[in-house]
Amino acid sequence: MAGTSVLQRTNFFSPPADPPQSSDLNLRLKEQHCLSLLKSCNNLEEFKQAHAQIVKWGFFWNSFSASNLVAASALSDWGSMDYACSIFRQIDDPGTFEFNTMIRAYVKDMNFGEALAFYCEMLERGVEPDNFTYPALFKACAWLKAKEEGMQIHGHSFKLGFETDVYVQNSLINMYGKCGQIEHAGAVFEQMDEKSVASWSAIIAAYASLGMWSECLMVFGNMSSEGCWRPEESTLVTVLSACTHLSALDLGKCTHGALLRNISGLNVIVQTSLIDMYVKCGCLEKGLSLFHRMAERNRMSYTVMISGLAMHGHGEEALRIYSMMLEEGIEPDDVVYVGVLSACSHAGLIDEGFECFDRMKSEHGIEPAVQHYGCMVDLMGKAGMINEALEFINSMPIEPNDVVWRSLLSACRVHCNLEIAEIAAKHLFQLSSQNPGDYVILSNMYAQAEKWPEVAKIRMEMARKGLNQVPGFSLVEVGRRIHKFVSQDTSHPLCKSIYEMIHQMEWQLKFEGYTPETSQVLLDVDEEEKAQRLKGHSQKLAIAFALIHTSQGTPIRIARNLRMCNDCHSYTKLISIIYEREITVRDRNRFHHFKDGTCSCRDYW
DNA sequence: TTAGGGTTAG
């Protein structure tokens, strides 16, 4: 057999009768021949045969062949790292490349501890790491969330002068992001002379994983303006997620446009993110139509749709989608059931809620978790079944958490049950709840009952614990900018015109028979002061601002951090008639669509 | 002679 034909031959598994004619080939050619054989292997069995043949030929045990054996083998893909390791151990004097190969292979195999152990061995044996060593190590630390080790190894790479290697920097951003050390990730990012698409993706993902959505969008904006923008599906999905959390519909729509222009054939992940964005930004119809047009749906798509419908109070429709999911043969999980139960709770579907709660375990073998119990307490509480809800909590086989007790406390507030509110609050305080809202609710209930000494006691307790009432705020998007209003806000640059608008609205509201519901202003102050307080609620400021700055008929969408007060609810209903606007408000629990003087929640919330 | 970074939905 001629030398050239040996080199060209890649199908090792009809092996030649004789080994390559070593007298005819120089060492390099032999090595390349070995490599091409190894690369042609498709599984471990073929690989072992190739390995044995090369050893038989007698020119395997130089370090080049051995390391390439590991490198070319995809041994980690075949779950054969023990075999790779046995090869490595036969190398007399492994160098940087051999160690790098092992570290990379272990990282690929998701065996991060072993990767770090090889790095330690490398240092112990005095083998100097190079710039190829570090990205793999940082990836291992990222997965392990090994903050301390990561920082220590960062120190090594710095000393060796790899601080400006773009691959090292990108993996550092990823590592610090995954370890929650966002300021370190940001520092590495800022110091980079040349940022690659991977650098931007890494920092955007880091902000997203910590829920720092505004920063996420800001960095994305900078990426575009610095001309380093390549529309990548994954980045755009992260941006969509940020829009969802910030209720930034206009930007979400732009992102949808960018996806349609740049990515052909949106996959199920992108479509699910789009549905989630539209639904959580208040456009339920748009979300539904995308959902029904999907060619392929998975459990996640169903979850998004079911919990979206739940937030909008469309309980029956949510249950229809849930049945559709079962018919399609998709097995529900615990998160789907949180959506289903909350749909029942928001829509007042008591019997259906209990039925689903039972089916969850009996038909799908899902043991109810504390969130599911929470939904059931909410379901009963909203319907005014306060005593039943308390009994239900007392019979729970698992320990109720603060969310469960808080659900009960909220229900007590709505249905004015001070006695059980005290029980719920006692449990919350025992659970060392640091949530100022719990104290505020109880104190407000005492105020409503005109029990002023108790009010003072609670307020003092709050002060002693250093808890401050969380100020209510509302977000409204006007001209692709999110404007934030805090209760009693006077900081907005257009503050004067906003308060003038509030004044004008007030006159029109009076014609419609509006009287401020001062009963929820729970301060020991006179009626006029109470009415004054109500006027400054952040939702009203946001509505006034939007009425000034958007044209007639434009829908107004608001997102707020707290639950709406009764006064804002009835106020907004009237505004929707007077100004002929559809107003959508997302509070911490659900959506309210105000139109023609009514709200989609039918005053059940 | 060989090898490297980021990456998405509830």
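When reading the values below, keep in mind they use all heavy atoms of this one structure, side chains included, and skip hydrogens, waters and symmetry mates. Throughout, a chain's letter reflects where its sequence line sits, starting with A, and its residues are numbered from 1. This structure is a prediction, so every number in the text was calculated from the model and none was measured.
Contact between the side-chain N/O atoms of A/K178 and the OP1/OP2 oxygens of B/dT7 is found at a separation under 4.0 Å. At least one side-chain nitrogen or oxygen of A/R104 sits closer than 4.0 Å to the OP1 or OP2 atom of B/dG4. Side-chain nitrogen and oxygen atoms of A/N174 include at least one within less than 4.0 Å of the OP1 or OP2 phosphate oxygen of B/dT7.
A pairwise comparison of heavy atoms in A/K195 and A/E190 identifies NZ-O, 4.4 Å as the closest pair.
Closest to the A/N100 side chain, of the nucleotides B/dA3, B/dG10, B/dG4, is B/dA3. Here the nucleotide nearest the side chain of A/F132, chosen from B/dG5, B/dG10, B/dA3, is B/dA3. Checked against B/dG5, B/dG10, B/dT2, the side chain of A/D276 finds its nearest nucleotide in B/dG10. Distance from the side chain of A/K139 is smallest to B/dG5 among B/dT8, B/dG10, B/dG5. Residue A/N298 has its side chain nearest to B/dA9 when only B/dA9, B/dG5, B/dG10 are considered.
Using a 4.0 Å heavy-atom distance criterion, A/V336 is classed as a base contact. Backbone-only engagement by A/T238 is indicated by non-hydrogen atom pairs under 4.0 Å involving sugar-phosphate atoms exclusively.
Aromatic ring orientation, A/H312 versus A/F591: parallel (interplanar angle below 30°, classes split at 30° and 60°).
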